[in-house]
Amino acid sequence: MDLPKADPMRWKALVFIALAQLMVVLDATIVNIALPWAQQDLGISDGNKQWVITAYALAFGGLLLFGGRIADMWGRKRTFVTGLLGFAFASALGGAAQGEAMMLGARALQGVFGALLAPAALSLLAVMFTDAKERAKAFGIYGAIAGGGGAVGLILGGFLTEYLDWRWTFFVNIPFAIIAAAGAYFVIREPAGSRNRSSLDIPGVVLSTLGLVSLVYGFTRAESNGWSDAMTVGLFVASAVLLLGFVFTESKVRSPLLPLRVLLDRNRGGVYMSLGLAVISMFGLFLFLTYYLQVVRGYSPVTTGFAFLPMIVGMITGSTQIGARLMTRVPPRLLMGPGFLVAALGMLLLTQLEIDSSYPFLILPAQLLLGLGMGTAFMPAMSLATHGVEPRDAGVASAMVNTSQQVGGAIGTALLNTIAASATTAYVASHAAGATNAKLLQAQAMVNGYTHAIWWAVGILAVAATIALTLINTGVPGSAAPKASGSTEDAQDEVQIPVIAH
């Protein structure tokens, strides 16, 4: 069967898709550096400051599956442009915020439009790039941005906060969004026949949204209120019940929000699990290194941002020069597994952190290894996540990638921060009696807490590597490798998209 004719505008389209993805990913971290200044200006209490981050995370994480399904139904180009313009409007509201309520509302609105935008962007790549080699290059660029965008956000956030004003961490999204929306409107041509016009699964929307919101909020609350807090436990129980109800519903309804054929393929399942675990480690590290460099070492916001450059360089190199070049030559598991292990080696170096550790001899090489490993692993993961799906399911399959990352980020921030805080408290309690310098003791305790949590991150990355190496068994893209699941529906998928057959 002949492949569909390639879209002549696909590479121009990639520029605007990549720009939009960069905006969404860096927004997850750019606000972190600006938060103390925004909190002071707007009079946000210490108890409510976390909601500047949480409001975005809840809306984004909770609505991703719904956003992916809207993209499949409504058209990915239309959803993409709508998401961009809505994100620009919400960013303008956030930058102009005059009080706590306006800021939190703007952040939630950013999350809503981000949940439309992110799955539409990835699914557009999935349906526009059908040649295996071109697909590898396109996803190499996308993977580098998805992996490195968070670190770019730290640099940009530091620069804007220190030299302009915290409000510019919101306003900077507006030109990004307008340029990407205008470019997408004129150059993106969505392939015909790729929409899913089935009726919307309302019970699935309600159950998945409430279940994911409960899960993300549970982890966020655990960070501030503890794991034994009654509300925290209740949120986890509610999330489990709602998500189990969601899975049951999807197995029964005629037009499910998330067809189980997307989720149960062993290769895609392996990607979702391993990627989610990797993001747990990565988001935790961003948090610890930011605090280590600013609080313990006294770096300025701008200097802290630039201190993350080696990680960005490593991610871009791993994704575009290693992952993209080898993706059409070796099976994805042989890029993802070793990639996660190289990242774990970088994490392992950081377990040796002390209050006066050398940046060039410890932190820099650790970041390079982490970036190279993550970049090499992210690229095939992003591509494989949409391999073998019917075009009508591309949006919701893409949404699952973003969901695994978003939930992983929430878990990573809460879990690793809780471990670090516990270790810090224990260190102070055991060393307080003989301490002569309280400030020095606190710094040593903080670093001890970070290294304890980073050990956990090393273990989590090792588990991610194990899952990738054992669960993912697809061959080189475009080759006649054995199928993973052997289902009739998967066989139909292969007929429709032969270049990405398993």
Side-chain angles (χ1 to χ4, degrees), residues 57-73 115 118-119 122-123 196 198-220 232-277 279-280 381 384-390 392-411 463-464 467 470-472 483-493 502:
L58 289 180
F60 188 62
L63 293 171
L64 271 168
L65 285 177
F66 181 50
R69 184 67 176 85
I70 290 295
D72 287 335
M73 285 181 64
L122 184 55
S123 59
N196 184 343
S198 303
S199 58
L200 188 60
D201 170 22
I202 300 297
V205 170
V206 173
L207 288 169
S208 67
T209 301
L210 292 178
L212 288 171
V213 165
S214 296
L215 183 63
V216 173
Y217 184 34
F219 277 104
T220 304
T232 302
V233 174
L235 285 165
F236 286 134
V237 171
S239 173
V241 171
L242 288 163
L243 292 177
L244 285 172
F246 171 68
V247 172
F248 177 77
T249 301
E250 299 310 274
S251 69
K252 299 298 181 182
V253 297
R254 186 171 183 177
S255 303
L257 174 69
L258 176 60
L260 295 185
R261 62 179 175 268
V262 172
L263 195 59
L264 296 179
D265 176 271
R266 67 178 290 167
N267 290 295
R268 284 191 291 275
V271 167
Y272 298 147
M273 284 192 285
S274 60
L275 201 58
L277 287 169
V279 170
I280 289 175
L384 186 59
T386 51
H387 271 196
V389 297
E390 297 179 41
R392 64 190 179 128
D393 293 333
V396 76
S398 303
M400 273 302 301
V401 181
N402 288 284
T403 300
S404 66
Q405 289 180 285
Q406 186 65 25
V407 173
I411 293 172
V463 173
I467 289 173
T470 57
L471 199 57
I472 297 171
K483 281 183 50 57
S485 59
S487 71
T488 303
E489 286 169 301
D490 286 331
Q492 290 170 351
D493 295 346
H502 296 184

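As the structure is a prediction and not an experimental result, all values here were calculated from the model.
Of the candidates Leu212, Val206, Val205, Phe66 forms a side-chain contact (heavy atoms from CB on, under 4.5 Å) with just one, namely Val205.
Closest approach of Phe60 to Ala115, counting heavy atoms only: CD1-N, 3.4 Å. Nearest heavy atom pair, residue Gly67 against residue Pro119, reads C-CG, 3.9 Å. For the residue pair Leu471 and Gly270, the shortest heavy atom distance occurs at CD2-CA, 3.5 Å. Nearest approach of Phe236 to Gly218, heavy atoms of both residues: CZ-C, 3.6 Å. Minimum interatomic distance between Leu242 and Ser214 (heavy atoms only, all atoms of both residues): CD1-OG, 4.0 Å. The two atoms that bring Leu243 and Ser208 nearest to each other are CD2-O, 4.4 Å, heavy atoms only.
Within the 4.5 Å cutoff, no side-chain heavy atoms of Leu207 are placed close to those of Phe248. Residues Ile472 and Arg266 fail the side-chain proximity criterion, which asks for heavy atoms closer than 4.5 Å. Residues Pro256 and Thr249 fail the side-chain proximity criterion, which asks for heavy atoms closer than 4.5 Å.
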Derivation and outcome, side chain to side chain contact (heavy atoms under 4.5 Å, CB included), residues Arg268 and Leu384
CA-CA 7 Å; Arg268 284 191 291 275; Leu384 186 59; 5.8 Å; no

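The line from OG of Ser251 to CG of Leu260 is 6.0 Å long, rounded to the nearest 0.5 Å. Separation of atoms CD (Glu250) and CG (Leu65) is listed at 8.5 Å; rounding is to 0.5 Å. Annotation: the span from Leu275 atom CG to Met400 atom CE amounts to 10.5 Å, rounded to 0.5 Å.
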